Amino acid sequence: MTKKPSLFFKKSPTSLFVFFGALFVLLFWILSRVINVYQYAVVGAIFEILWLPVIAAMFILLLISCWFLAKEKFSVKSLYLYALMISIINFLLLYLNR
């Protein structure tokens, strides 16, 4: 009898979406702080269009990850836990780097 290799993370499409969404939001804010987005008009326009949906996504992804993490009984193998940690880091970076 062969055993399947155990995966460390519980991967569902929703957990992957929330995790990579949190990563995208974090990268968006880090890049906006590092790169001068107004150096080129096109990049500045894209930034101006995207900043409000990214802020909304930040709050929504935080709530979704908390909800699903509670449903999974706060499992360490859940990607929602790591998405929550990324979201908290994102809030701290935005709050401390005004």
Side-chain angles (χ1 to χ4, degrees):
M1 188 158 85
T2 56
K3 289 185 177 180
K4 287 185 177 180
S6 65
L7 298 174
F8 183 72
F9 295 115
K10 294 179 183 177
K11 295 180 187 175
S12 68
T14 309
S15 67
L16 287 172
F17 176 76
V18 171
F19 180 74
F20 286 116
L23 275 178
F24 170 76
V25 170
L26 181 66
L27 288 175
F28 180 84
W29 289 115
I30 288 174
L31 288 176
S32 71
R33 298 289 182 196
V34 173
I35 298 171
N36 182 8
V37 293
Y38 297 112
Q39 183 176 1
Y40 300 105
V42 175
V43 178
I46 292 172
F47 174 76
E48 288 291 330
I49 290 170
L50 289 179
W51 74 269
L52 187 59
V54 169
I55 289 176
M58 185 171 56
F59 285 106
I60 291 169
L61 289 172
L62 178 70
L63 293 174
I64 289 172
S65 62
C66 287
W67 173 261
F68 281 111
L69 186 62
K71 280 182 75 173
E72 289 186 357
K73 298 179 182 167
F74 302 98
S75 172
V76 178
K77 292 183 177 183
S78 175
L79 279 177
Y80 297 115
L81 174 66
Y82 300 104
L84 180 66
M85 290 168 52
I86 290 171
S87 297
I88 291 171
I89 289 169
N90 194 10
F91 275 108
L92 288 174
L93 286 176
L94 287 177
Y95 178 73
L96 297 174
N97 195 13
R98 290 189 222 177

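Computed from heavy atoms alone, side chains included, the values below leave out hydrogens, waters and symmetry copies. In this text the structure is predicted, and so the values were computed from the model without any measurement.
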Inset, instruction - Supply the atom-to-atom distance Ile35 CD1 to Ile30 CD1, rounded to the nearest 0.5 angstrom. - result: 11.0 Å
Legend entry - Nearest-0.5 Å distance, CG of residue Leu93 to CD1 of residue Ile88: 12.0 Å
Legend entry - Closest non-hydrogen atom pair between Leu69 and Ser75, with its separation: CD1-O, 4.0 Å
Inset, instruction - Report yes or no: do Phe20 and Ile64 belong to one cluster of Ile/Leu/Val/Met/Phe/Trp/Tyr joined by side chain heavy-atom distances under 4.5 Å? - result: yes
Inset, instruction - Answer yes if Leu62 and Leu52 sit in the same cluster of Ile, Leu, Val, Met, Phe, Trp and Tyr residues linked by side chain heavy atoms under 4.5 Å apart, and no otherwise. - result: yes
Legend entry - Atom pair CG/CG of Leu31 and Leu26 - distance to nearest 0.5 Å: 9.0 Å
Inset, instruction - Output yes when a side-chain donor or acceptor of Ser15 lies under 3.5 Å from a complementary backbone atom of Ser12, and no otherwise. - result: yes
Inset, instruction - Of all the heavy-atom pairs spanning Gly21 and Leu61, show the shortest one and how long it is. - result: C-CD1, 3.4 Å
Inset, instruction - Among residues two or more places apart or on two chains, list those pairs meeting ring-ring contact (aromatic ring centres under 6.0 Å, His included) that have a residue in residues 38-70. - result: Phe28-Phe47, Phe59-Phe91, Phe68-Tyr80
Inset, instruction - Any chance you could measure Ile60, atom CD1, to Ser87, atom OG, to the nearest 0.5 Å? - result: 11.5 Å
Legend entry - Closest non-hydrogen atom pair between Trp29 and Ser32, with its separation: O-OG, 2.8 Å
Inset, instruction - Could you pull out the closest heavy-atom pair between Val25 and Ala57, with the gap in Å? - result: CG2-CB, 4.2 Å
Legend entry - Same apolar cluster (I L V M F W Y, side chains within < 4.5 Å links), Tyr95/Leu63: no
Legend entry - Contact check, side chains of Leu79 and Val18, non-hydrogen atoms, under 4.5 Å: no
Legend entry - Gap between atom CG of Leu94 and atom CG of Asn90 - 0.5 Å precision: 5.0 Å
Inset, instruction - Spell out, yes or no, whether Val34 and Ile89 are grouped together once hydrophobic residues are joined by side-chain heavy atoms under 4.5 Å, including indirect joins. - result: yes
Inset, instruction - Drop me the distance from Ile86's CD1 to Leu23's CG, to the nearest 0.5 angstrom. - result: 4.0 Å
Legend entry - Joint cluster assignment, Phe74 & Leu84, ILVMFWY side-chain distance < 4.5 Å: yes
